[in-house]
Amino acid sequence: MGAAAEDVRELPRLVDVRIPGWRTPRLCYARELDLRVGYRVVVETELGQFIGKVALTPRRRQPHTRPYNILRLATAEDLRRDDEHREKGREIRKEAQKLARDHRIEKVFFIGCDLSLDGSYVEVKYQADREADLAPVREGIERRYGVRAALRRFTFIERSGSAGGCDTCGRPLCCAIWSGARNLGPVNIRLAKQQGVTPNEKILGCCGEVKCCMRYEHEVYKEFKERAPFKNSRVRLGEREGRVVDYSMVRDAVFVKFGPQRDDTELVPLSRLAPYNEGIRPAGDEEDA
């Protein structure tokens, strides 16, 4: 126990920070700063310095991606400049729409603009049915404002994470507070079926896509099924024999029906089935061996 605590203390202190207009929060080194949810901080990125908001309480953990550096808590001067950039961002967004009309670029709608803290980098977000050649718009913005500009298509799912809110579980959206939400790979109906969940509106998030948590939990379900008996397979428990009808991954157990009546179904831990059935392994069996 003491060794485990010592290992945790060796890990870096990390925190998830939401930067306005970015797809998901970014993982940052918290160092020894006093950071709490909602605090605004200045983050150093490859695109420049940005003001972000702390999304989760800092803790020591293994980084899943290369963290950014937090330079300082945002000062009054930092916040004043950020407010000025918002006004300038609205102006640049309108200019981008005008340039698109001038160059006859249709069905492109500019929805937001974010500037780095020093104002040298501008990212303009747009919505469109497909990718469009917006080089004339980018070049026009760079000439007029003397900045380095980038135009990025912003999808509906990204807007959902940027807006934030709570899901049906009562907790904030994963994509709004957790830097790893979109690093787990695609989320689709196939994952729900593999977890034994019937596809319906309950597994859909606010963005209309399958909830990110289903991808987060997928590896655990996959590992459990490798240790558990197949559904509808026959298993023995002492002198009794029954049929597996369902899983309870959280309890590391399966539901076994031992007779014809509904009440004949029992929740049986894998640890009780393992001595009587080959191929069944309870959780932690390999570590205990």
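The model shown is predicted, which means the values in this text are computed figures rather than measured ones. Numbers here are sequence positions counted from 1.
In this structure, Arg13 contributes its side chain and Arg31 its backbone to a donor-acceptor pair below 3.5 Å. Asp82 contributes no side-chain N or O that, together with a main-chain N or O of Leu79, makes up a donor-acceptor pair within less than 3.5 Å. Counting only distance, with no hydrogens or angles, the side chain of His85 and the backbone of Asp114 share no donor-acceptor pair below 3.5 Å. A donor-acceptor contact shorter than 3.5 Å links the side chain of Ser116 to the backbone of Tyr121. Proximity of a side-chain donor or acceptor of Asp252 to a complementary backbone N or O of Ala283 within less than 3.5 Å is detected. Formation of a donor-acceptor pair under 3.5 Å by the Asp118 side chain with backbone atoms of Ser120 is found in this model. The main-chain N or O of Arg104 is never found under 3.5 Å from a side-chain atom of Asp102 such that the two would form a donor-acceptor pair. With Arg281 contributing its side chain and Leu270 its backbone, the two residues share no donor-acceptor pair below 3.5 Å.
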Test side chain to side chain contact (heavy atoms under 4.5 Å, CB included) on Arg26 and Trp22 and set out the steps. CA-CA 9 Å; Arg26 289 303 191 265; Trp22 291 44; 3.4 Å; yes

Between Arg72 and Asp78, is the side chain to side chain contact (heavy atoms under 4.5 Å, CB included) condition met? List the steps. CA-CA 10 Å; Arg72 61 183 178 274; Asp78 292 330; 3.0 Å; yes

Output, in order, the C-alpha distance, side-chain angles, deciding distance and verdict of side chain to side chain contact (heavy atoms under 4.5 Å, CB included) for Leu27 and Tyr68. CA-CA 6 Å; Leu27 193 65; Tyr68 290 135; over 6 Å; no

With salt bridge (charged side-chain N to carboxylate O under 4.0 Å, His left out) as the criterion, how do Lys88 and Glu84 come out once you've worked through the C-alpha distance, each side chain's angles and the decisive distance to 0.1 Å? CA-CA 6 Å; Lys88 187 175 181 180; Glu84 291 177 353; over 6 Å; no

Tell me, with the steps shown, if Arg148 and Glu142 meet salt bridge (charged side-chain N to carboxylate O under 4.0 Å, His left out). CA-CA 6 Å; Arg148 182 164 53 99; Glu142 290 181 337; over 6 Å; no

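We find that Lys231 and Asp246 are joined by a salt bridge, their nearest charged nitrogen and carboxylate oxygen being less than 4.0 Å apart. Residues Arg86 and Asp83 are paired through a salt bridge, judged by an N-O separation under 4.0 Å between the basic side chain and the carboxylate. The pair Glu266-Arg240 meets the salt-bridge criterion, with a side-chain N (NZ, NE, NH1 or NH2) lying under 4.0 Å from an Asp/Glu carboxylate O.
Heavy atoms from other residues, nucleotides or ligands lying under 6.0 Å from CD of Glu46 number more than 12. Within 6.0 Å of the CZ atom in Arg80, the count of heavy atoms belonging to other residues, nucleotides or ligands exceeds 12. In the displayed structure, Lys257 atom NZ is contacted under 6.0 Å by more than 12 heavy atoms of other residues, nucleotides or ligands.
Under the 4.5 Å side-chain criterion, counting only non-hydrogen atoms from C-beta, Met249 is in contact with Val220. Using a 4.5 Å heavy-atom cutoff, the side chains of Arg60 and Leu14 are not in contact. Inter-residue side-chain proximity for Leu117 and Ile51 is flagged as met; some heavy-atom pair is nearer than 4.5 Å. In this structure, the side chains of Glu241 and Val235 stay at 4.5 Å or more apart for every pair of heavy atoms. Side chains of Lys98 and Arg101 form a contact here, defined as non-hydrogen atoms less than 4.5 Å apart. In this structure the side chain of Glu91 reaches within 4.5 angstrom of the side chain of Arg144, judged on heavy atoms. Counting heavy atoms from C-beta outward, Leu73 and Tyr39 have side chains that approach closer than 4.5 Å. Within the 4.5 Å cutoff, the side chain of Val17 has heavy atoms near those of the Val41 side chain.
Atom-to-atom distance recorded for Arg243:CZ and Thr265:OG1 is 8.0 Å, nearest 0.5 angstrom. Atom-to-atom distance recorded for Lys125:NZ and Cys113:SG is 7.0 Å, nearest 0.5 angstrom. The distance from the CG atom of Asp129 to the CD atom of Glu106 is 12.0 Å, given to the nearest 0.5 Å. Arg227 CZ to Lys222 NZ: the interatomic distance, rounded to the nearest 0.5 Å, is 14.0 Å. Separation of atoms OH (Tyr29) and CG (Asn69) is listed at 7.0 Å; rounding is to 0.5 Å. The CZ atom of Arg66 sits 12.5 Å away from atom SG of Cys28, with the distance rounded to the nearest 0.5 Å.
When all heavy atoms are compared, the tightest approach of Gly21 to Glu123 is O-OE1, 4.3 Å. Listed here is the closest heavy atom pair of Gln49 and Val42: OE1-CG1, 3.9 Å. Across all non-hydrogen atoms, the minimal contact from Pro63 to Pro12 is CD-CG, 4.0 Å. Counting all heavy atoms, side chain and backbone alike, Arg61 lies closest to Asp16 at NH2-OD2, 2.6 Å. Nearest heavy atoms, Pro275 versus Ser271: CD-O, 3.3 Å. Scanning all heavy atoms of the two residues, the minimum distance from Ile111 to Gln127 falls at CD1-CG, 3.8 Å.
Placement of Tyr276 and Val244 within a single hydrophobic cluster is found when ILVMFWY residues are connected by side-chain heavy-atom separations under 4.5 Å, directly or transitively. Tracing side-chain contacts under 4.5 Å through hydrophobic residues (I, L, V, M, F, W, Y), one never reaches Val15 starting from Leu71; they form parts of separate clusters. Residues Phe255 and Leu273 do not share a hydrophobic cluster, clusters being chains of Ile/Leu/Val/Met/Phe/Trp/Tyr side chains in contact below 4.5 Å. The hydrophobic clustering, which links ILVMFWY residues whose side-chain heavy atoms are closer than 4.5 Å, places Leu267 and Leu237 apart.
The six-membered or imidazole ring of Phe224 lies near that of Tyr247, with a centre-to-centre distance under 6.0 Å.
Under a 4.5 Å side-chain heavy-atom criterion applied to ILVMFWY residues, the cluster that includes Leu151 comprises Ile92, Leu99, Ile105, Val108, Phe110, Leu115, Val122, Val124, Tyr126, Leu134, Val137, Ile141, Tyr145, Val147 as well.
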